[in-house]
> 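Got a structure for you, written out below as structure tokens; questions coming shortly.
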Amino acid sequence: MGIRTVAGQITELCYLPPHAEAKEPADATARLAAEQLQRYCADPSFVFDLPLRPAGTEFQRKVWDAISSIPAGSMRTYGELARHVASAPRAVGQACGANWFPVVIPCHRVTAAGGLGGFSNSDDPNGYLLGIKRWLLAHEGSSEYAWQQTTLI
């Protein structure tokens, strides 16, 4: 996971492709984020407490707040979240894709009504991003998508 910081705040967390080279955290804030991400990997109920730089539009923040209230091990559909924020599923999906702080704002807990849905602006069923979403959901106790076939072979 990539961690970007500025002036003691996290400005972005991003999933890096599998071939990305691991680097040591560049500052104390990145070190704190790395430590908390490791704690989450050890315990899926871990609650993050990180200095996140405010980001996104008012609507995106409303969606992200709703996503943040979904407990670990639970999922909501884009439609359910859309009803909660009085919007449309596609708009909720776009807000999920615009999330600057994945895992901390757990957009992986939002799925399509008929399946896994996209993740981090990707809907490639064989790509590493949807693999991450499957791993995160399984890590939090969901087995619903763990064995879903992802190829035609």
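By convention here, the first residue in the shown sequence is residue 1.
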> Enter the distance from Y15:OH to M1:CE here, rounded to the nearest 0.5 Å.
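Here the interatomic distance stands at 4.0 Å.
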
> Has the side chain of Q36 got a donor or acceptor atom that lies under 3.5 Å from a matching backbone atom of D49?
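Indeed, once roles are kept as given, a pair shorter than 3.5 Å links the two residues.
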
> Within this structure, what is the CE-CD distance for the pair M75 and E80, rounded to the nearest 0.5 Å?
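Rounded to the nearest 0.5 Å, the CE-CD separation comes out at 10.0 Å.
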
> Should L130 and L16 be counted in the same cluster of Ile, Leu, Val, Met, Phe, Trp and Tyr side chains packed under 4.5 Å apart?
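Looking at the clustering, L16 is in a separate group from L130.
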
> Are the charged groups of R109 and E140 less than 4.0 angstrom apart, N to O?
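Salt bridge flag = yes for E140 with R109.
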
> Out of curiosity, does I3 fall in the hydrophobic cluster containing V6 (side-chain heavy atoms, cut-off under 4.5 Å, transitive links)?
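Different hydrophobic clusters.
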
> Between S142 (side chain only) and L137 (backbone N and O only), is there a donor and an acceptor less than 3.5 Å apart?
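Not a single qualifying donor-acceptor pair exists.
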
> I'd like to know whether CZ of R39 has more than 12 heavy-atom contacts from other residues, nucleotides or ligands below 6.0 angstrom.
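It does not: R39 CZ has 12 such atoms or fewer within range.
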
> For C107 and P102, work out which heavy atoms get closest and say how close.
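Nearest pair, atom of C107 first, then P102: SG-CB, 4.4 Å.
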
> Which heavy atom in S68 sits nearest to a heavy atom in P106, and how many Å separate them?
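Nearest heavy atoms, S68 then P106: CA-CD, 4.0 Å.
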
> Any sub-3.5 Å donor-acceptor pair from K133's side-chain atoms to V110's backbone N or O?
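Such a contact is found between K133 side chain and V110 backbone.
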
> Closer than 3.5 angstrom, by distance alone: can the side chain of N99 be matched with the main-chain N or O of I105 as a donor-acceptor pair?
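Between the backbone of I105 and the side chain of N99 there is a qualifying donor-acceptor contact (under 3.5 Å).
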
> Between Y78 and C96, what is the shortest heavy-atom contact and its length?
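Nearest pair, atom of Y78 first, then C96: CE2-SG, 4.0 Å.
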
> Do the side chain of W100 and the main chain of L52 share a donor and acceptor less than 3.5 angstrom apart?
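Looks like no, no N/O pair under 3.5 Å.
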
> Taking Q38 for the side chain and E35 for the main chain, is one N or O donor matched with an acceptor at less than 3.5 Å?
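No, Q38 side chain to E35 backbone: no donor-acceptor pair under 3.5 Å.
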
> Can you tell me how far apart OG1 (T111) and CZ (R76) are? Round to the nearest 0.5 Å.
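That separation rounds to 10.0 Å.
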
> Where do W64 and A95 come nearest, in terms of heavy atoms and distance?
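Result for this residue pair: NE1-O, 2.8 Å.
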
> Only counting residues at least two apart or in another chain, list the ones meeting ring pair (Phe, Tyr, Trp, His ring centres under 6.0 Å) with H139.
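Result, ring pair (Phe, Tyr, Trp, His ring centres under 6.0 Å) vs H139: Y40, W135.
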
> Taking all heavy atoms of A66 and all of L81, pick out the closest pair and write down the distance.
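It is CB-CD1, 3.9 Å.
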
> Any heavy-atom pair between the side chains of P51 and T29 that's under 4.5 Å?
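Side-chain contact under 4.5 Å: yes.
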
> I would like to know whether L13 and V104 meet side chain to side chain contact (heavy atoms under 4.5 Å, CB included); could you show each step before the answer?
CA-CA 9 Å; L13 298 172; V104 175; 3.6 Å; yes

> Which pair of heavy atoms, one from A88 and one from A82, lies closest together, and at what distance?
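Smallest heavy-atom distance, with atoms named: C-CB, 3.5 Å.
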
> Show your reasoning for whether side chain to side chain contact (heavy atoms under 4.5 Å, CB included) applies to C41 and F46.
CA-CA 9 Å; C41 286; F46 176 77; over 6 Å; no

> Is the number of heavy atoms from other residues, nucleotides or ligands within 6.0 Å of CZ (R53) greater than 12?
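It does: R53 CZ has more than 12 such atoms within range.
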
> Is there a donor-acceptor pair under 3.5 Å between the side chain of T5 and the backbone N or O of G8?
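No; zero donor-acceptor contacts below 3.5 Å.
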
> To the nearest 0.5 Å, what is the distance between CZ (R134) and CG (L129)?
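If we round to the nearest 0.5 Å, R134:CZ and L129:CG are 11.0 Å apart.
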
